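Note that these values count all heavy atoms, side chains included, but never hydrogens, waters or copies made by symmetry. So you know, we letter chains A, B, ... as the sequences are listed, proteins then strands, and number each from 1. Predicted model, so just to flag it, every value in this text is computed and none were measured.
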2 protein chains.
Amino acid sequence: MARTHGSKAEITGPLVRDAARSLFARHGYGAVSMRQIAAEVGVQVGALYAYTPDKQALLADLLRSHMDELLSEWRDDSSQPALVRLKDFLRFHIATSLKRPEAVFLSYMELRSLSPENFRDIARLRRRYEDALEAILAAGEAEGVMSVPDRRLATMALISMLTGVTNWYREGGRLDQERVVAIYWDLVRGTVGA
Amino acid sequence: MARTHGSKAEITGPLVRDAARSLFARHGYGAVSMRQIAAEVGVQVGALYAYTPDKQALLADLLRSHMDELLSEWRDDSSQPALVRLKDFLRFHIATSLKRPEAVFLSYMELRSLSPENFRDIARLRRRYEDALEAILAAGEAEGVMSVPDRRLATMALISMLTGVTNWYREGGRLDQERVVAIYWDLVRGTVGA
DNA sequence: GTCTATAATGGGATAGAC
DNA sequence: GTCTATCCCATTATAGAC
């Protein structure tokens, strides 16, 4: 990973973000040093500061851009039946969780490491994502095809359940992604009383 | 919180554990210093080492004793119908999560901060707790009162869902503990196809 | 059992050369 | 844009006085 002056300059930015995401997810924000990140990228620590003003901004950028991507990639078609929308949400959430497990885990776990300002911003994005699911449950109840005891709590319960995939899923393990989606769909349908 | 020589010696041990548990849960193991823990207790940093050989052992003790308590407090009566056992488990898990939210959160989140040896030990305890739930699902299927697409995965999904309470529950908030149990029981029943 | 003091190391961040 | 070198401060852990 050694590096001579100036080579690969154009791709270092993404590499810094990749390394930070991976290390933060594996060891926790507070446990990772800028020196470790630099070593993973193959540069010296000073070079990192060409890409981020400080460590906190690096974390906030990772979380913000993950939430931005989630929100911009998610396409809800509210003209569809609620059960179709729910299954689409499930498929989307699991696909994302398995494609970018570190970003998902990080966004779930390191909110607490954000400065108050960054926390407010990112919690707001997170809330919009939760609300997207809650709207589907509301539609399902209006259609009479779902029934939950408390809509907000059911939303949080479903998000926790789905995000939990990142805790046990292993690429190349017992189950492939399609199978995981099918199993969770069974579970989720029951949870919302469908 | 200042302290003169020798006072309160007999209760410092528990205070150290309380402070460490609370700080680790709020800020993450790696982000908390022994100085912060000492300040919270009201002693100087050197005094901590009368109660723990090092910081890693402090974390491991917290996680190990939490899991030990969980496993020793949980009383499963396998002569009961599986749905009764499941509801008892739910009640137990939520009661514990709301009584010791920091310990639950910590045991869920800081496994990654353990040394490999400590990780093995505590993951084993954790697995025994998960297996207790899985056994109830197996009994429910045998009785024909539950139906899940994949028992191991349903177990993990339920644990994630239940442990998620610690993410949003606030003492004195909209819902009291009894109400939370009732709502989750509705959700869980659906999830297991009962 | 707790204090003060200190050792040894590593932390985030910056300056200036190239 | 990256390097080397450095500043300054925090870190874990220990030693020895009380």
Under 3.5 Å, N/O pairs linking protein and nucleotides 13-16 of chain C:
{"unit_1": "C:dA13", "atom_1": "OP2", "unit_2": "A:Tyr49", "atom_2": "OH", "d": "3.1"}
{"unit_1": "C:dA13", "atom_1": "OP2", "unit_2": "A:Lys55", "atom_2": "N", "d": "3.1"}

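If you check every strand for non-hydrogen atoms under 4.0 Å, A:Val16 touches nothing.
Listed for the B:Asp176 side chain is a donor-acceptor partner under 3.5 Å among the backbone atoms of B:Arg179.
Of the side-chain N and O atoms in B:Thr12, one or more sit less than 4.0 angstrom from OP1 or OP2 of C:dT2. Dashed line: the shortest gap from a side-chain N or O of B:Ser33 to OP1 or OP2 of D:dA10 is not under 4.0 Å.
Atom P of nucleotide D:dA10 and atom CD1 of B:Ile37 are separated by 17 Å, given to the nearest angstrom. In this structure, A:Leu48 atom CG and D:dT2 atom P are separated by 9 Å, rounded to whole Å. Spacing between atom CD of B:Gln44 and atom P of C:dT6 amounts to 15 Å, rounded to whole angstrom units.
A:Tyr108 and B:Asn167 form a side-chain donor-acceptor contact under 3.5 Å, judged by distance and modelled atom types alone. Using modelled atom types, one finds a donor on one side chain and an acceptor on the other under 3.5 Å when comparing B:Thr191 with A:Thr191. Judged purely by distance below 3.5 Å, without hydrogens or angles, the side chains of A:Asp77 and A:Ser79 pair a donor atom with an acceptor atom.
Counted within 6.0 Å of CD on B:Glu117, heavy atoms from surrounding residues, nucleotides or ligands total more than 12; the atom is thus considered enclosed. For B:Arg26, the CZ atom sits in a packed shell: over 12 heavy atoms of surrounding residues, nucleotides or ligands are nearer than 6.0 Å.
In this structure, the nucleotide among D:dT2, C:dG1, C:dC3 sitting nearest to the side chain of B:Tyr51 is C:dG1.
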